[in-house]
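Note sheet for the following structure.
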Amino acid sequence: MIFYFGVIKDSSNEKVVKKFLKESLLKVEYVESLAKYFEKRLTKNYNNIELRYNLKDLINDLNYLKQYLS
């Protein structure tokens, strides 16, 4: 989803992307902002059923991660 919506634009080096995500997902603020971003995308892409359910699952996972980190 991060590549689909263009959150991370440079996907040429897989190791750099994985390192960035590993470090960023440990920060509660980043997880919250990512969840809010995907919630906005959920409202805009509500007609695409498959995308809607994937976004809902991702948002739920991010919320669980946020609770875990707090």
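Bear in mind that the values here come from a model prediction, so they are computed numbers and not experimental data. Because only heavy atoms are used, hydrogens play no part in the values below, and waters and symmetry mates are left out as well, while side chains stay in.
- Chaining together hydrophobic side chains whose heavy atoms lie under 4.5 Å apart places Ile49 alongside Tyr53.
- Note that OG of Ser33 and NZ of Lys66 are 10.5 Å apart. Values are rounded to the nearest 0.5 Å.
- Residues Tyr37 and Val7 come closest through the heavy atom pair CE2-CG2, 3.4 Å.
- Rounding to the nearest 0.5 Å gives a distance of 10.5 Å between CG of Leu55 and CD of Glu50.
- Rounding to the nearest 0.5 angstrom, the gap separating the CG atom in Leu58 from the CE atom in Met1 is 6.5 Å.
- Between atom CG of residue Leu69 and atom CD of residue Glu32 there is a gap of 10.0 Å, rounded to the nearest 0.5 Å.
- Taking Asn13 as the reference, Lys15, Val16 meet the side chain to side chain contact (heavy atoms under 4.5 Å, CB included) condition, with sequence neighbours excluded.
- Glu39 contributes atom CD, which lies 9.0 Å from atom OG1 of Thr43 (distance to the nearest 0.5 angstrom).
- Contact of the Leu25 side chain with the Leu34 side chain is registered, since non-hydrogen atoms from C-beta on lie closer than 4.5 Å.
- For Phe3, the CZ atom is densely surrounded, since the number of other residues' heavy atoms within 6.0 Å is greater than 12.
- In terms of heavy atoms, Ala35 sits closest to Asn63 at CB-OD1, 4.2 Å.
- Using the six-membered ring where Trp is involved, Tyr30 and Phe20 have ring planes that are perpendicular, over 60° apart on the 30 and 60° scheme.
- The CG atom of Leu21 sits 4.5 Å away from atom CD1 of Ile2, with the distance rounded to the nearest 0.5 Å.
- Side-chain atoms of Tyr64 and Gln67, non-hydrogen and from C-beta on, do get closer than 4.5 Å to each other.
- Both Phe5 and Leu62 belong to a single network of hydrophobic side chains, linked directly or stepwise wherever heavy atoms of I, L, V, M, F, W or Y lie under 4.5 Å apart.
- Looking at Asn45 and Arg52, their side chains never come closer than 4.5 Å, going by heavy atoms from C-beta outward.
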